[in-house]
J.: 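Provided herewith is a single structure, encoded as structure tokens, for subsequent inquiry.
So that the names make sense, note that chain A is the first sequence line, chain B the second, and so on, each numbered from 1. All figures in this text were calculated on a predicted structure; none of them were measured in a lab.
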2 protein chains.
Amino acid sequence: MVLTEKQKELIERFGVLNEKYGLPPAECRVWGLFLVADKVELTFEEIMETLHLSKGGTSTALNRLMMTNHVEYITKLGDKKRYFRCKLNNWTSMTKENFEKFDELNSILKEILEARDPKTHVFNKDLKQVTEFLDFIYKELMIAIEKWENKK
Amino acid sequence: MVLTEKQKELIERFGVLNEKYGLPPAECRVWGLFLVADKVELTFEEIMETLHLSKGGTSTALNRLMMTNHVEYITKLGDKKRYFRCKLNNWTSMTKENFEKFDELNSILKEILEARDPKTHVFNKDLKQVTEFLDFIYKELMIAIEKWENKK
DNA sequence: TTTATAGTTCAGCAAATATTGAACTAACTT
DNA sequence: AAGTTAGTTCAATATTTGCTGAACTATAAA
């Protein structure tokens, strides 16, 4: 598969952004490839060759993307190859999961608050405010997602 | 400064969680120390000794935390030491910034959509849905933050 | 039952990141 | 002006992480 310069650029930019969130470069590029490619179903070989990745690298990237639900594959009768494709219909649940991690931070903060020396009451009060703020935002988010789901 | 086992545990858990978001371990621990400590103002030496960090490591961690606005220091007349402390009153703006990065992803997705081959219309339609969803969530989030700020 | 294809696994290497510690600066103290 | 204290800088090293490529498994076809 031959990519245009624009497609290559988008893959890299998409990659760099996602690397900031802890994804390995190769995985970002595979994901990006799915997003910019002119076709929806890509084979293992195509991905490997288009991105100049090794077999192992391609395998790990695809498997991780499948584990995180960004990619799936279909098979075709009488054809051993897998046809990989990007899942787009799960962004609401992905977003939810993302913010659940955010909520985990809040849980720890609450536990910290619980364990704090009561003597530092100004600090404790401020920390309480933070956890209340995070609680509030989290709830509003969940409401927003629900709103969206009902709208459709 | 001597920490209880609970405090140590909380620092580590807080640390591991933040490492997932790309912060270096030492920096996470320093930040965590501020959150669990029995006092609010900590000196350079205290931090270094309590966490068994080197001078350089302590210095970098503190400076990074100050650059990202999590920590500040005050001084006292006739005292060369700095007294570092954790800032808690900026979580709303921090959260906002966080979500702005999230919005950056959406910008790239929109650009990708723009550049896509129109032939894959089902995929394109789904991707459009995703960007609309992210737009919606972002807006709702900003409204929520505003709501919180007015409540206070 | 051999050959070919599709993908996995993992040891070894390469590159990026984090941390140490020693030499340094800057300011105050005697 | 010599000594002390507080923190910075940065070269060297340690640790972590990502990727390759070759050996492997599993399935299908000849």
J.: Would you jot down, in residue-number order, the residues of residues 8-18 of chain B having a non-hydrogen atom under 4.0 Å from DNA chain D?
T.: none
J.: Which residue lies toward the 5' end of DNA chain D, B:Y83 or A:L53, if each is placed at its nearest nucleotide?
T.: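 Here B:Y83 is the residue nearer the 5' end.
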J.: Test of understanding: with ring-ring contact (aromatic ring centres under 6.0 Å, His included), list the residues that count as partners of B:W31, not counting sequence neighbours.
T.: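 Per chain and number, B:W31 pairs via ring-ring contact (aromatic ring centres under 6.0 Å, His included) with B:F14, B:H70.
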J.: Please name all residues satisfying ring-ring contact (aromatic ring centres under 6.0 Å, His included) with B:F84, sequence neighbours left out, ordered by chain then number.
T.: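 Partners of B:F84 under the ring-ring contact (aromatic ring centres under 6.0 Å, His included) test: B:Y73.
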J.: For A:K125, give me all partners under salt bridge (Lys or Arg N to Asp or Glu O under 4.0 Å), at least two apart in sequence or on another chain.
T.: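 A:K125 satisfies salt bridge (Lys or Arg N to Asp or Glu O under 4.0 Å) with no other residue.
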J.: Taking only residues two or more places apart in sequence or in another chain, which ones pass ring-ring contact (aromatic ring centres under 6.0 Å, His included) with A:F99?
T.: B:F99, B:F102
J.: Under the 4.5 Å side-chain heavy-atom rule for ILVMFWY, direct or indirect, which residues accompany A:I74?
T.: A:Y83
J.: Which ILVMFWY residues can you reach from B:I143 by hopping between side chains whose heavy atoms are under 4.5 Å apart?
T.: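 Other cluster members: none.
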J.: In residues 59-73 of chain A, which ones come under 4.0 Å of DNA chain C, going by heavy atoms?
T.: A:S59, A:N63
J.: Side chains of residues 19-28 of chain B: which donor-acceptor partners sit under 3.5 Å, not counting sequence neighbours?
T.:
residue, atom, partner, partner atom, Å
B:E27, OE1, B:R64, NE, 2.7

J.: Using whole Å, what does the distance between atom P of nucleotide C:dT29 and atom NZ of B:K81 come to?
T.: 12 Å
J.: Evaluate A:K6 against B:E111 for salt bridge (charged side-chain N to carboxylate O under 4.0 Å, His left out), listing each step before the verdict.
T.: CA-CA 10 Å; A:K6 183 66 185 173; B:E111 227 178 297; 3.1 Å; yes
J.: Which residue in the set B:V2, B:V30, B:L3 passes side chain to side chain contact (heavy atoms under 4.5 Å, CB included) when paired with B:T50?
T.: B:L3
J.: With sequence neighbours excluded, what pairs up with A:K87 under the salt bridge (Lys or Arg N to Asp or Glu O under 4.0 Å) test?
T.: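 In terms of salt bridge (Lys or Arg N to Asp or Glu O under 4.0 Å), with neighbours along the sequence ignored, A:K87 is linked to no residue.
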J.: Checking A:T120 against A:R116 for the side-chain contact (heavy atoms from CB on, under 4.5 Å) test, could you report, in this order, the C-alpha distance in whole Å, the side-chain angles of both residues, the deciding distance, and whether it holds?
T.: CA-CA 8 Å; A:T120 61; A:R116 279 194 67 85; 3.0 Å; yes
J.: Rounded to whole Å, how long is the line connecting atom CG of B:L51 with atom P of C:dT19?
T.: 11 Å
J.: Is it true that A:W91 and B:F133 have ring centroids separated by less than 6.0 Å?
T.: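 That pair fails the under 6.0 Å test.
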J.: Are there any protein N/O atoms within less than 3.5 Å of an N/O atom in nucleotides 21-27 of chain D, and if so, which ones and at what distance?
T.:
residue, atom, partner, partner atom, Å
D:dT27, O2, A:K80, NZ, 2.8

J.: What are the residues of residues 22-49 of chain B, sorted by number, that bring a heavy atom to within less than 4.0 Å of DNA chain D?
T.: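 Output list: B:F44.
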J.: Which heavy atom of B:V40 sits nearest a heavy atom of B:R85, and at what distance?
T.: O-CB, 3.4 Å
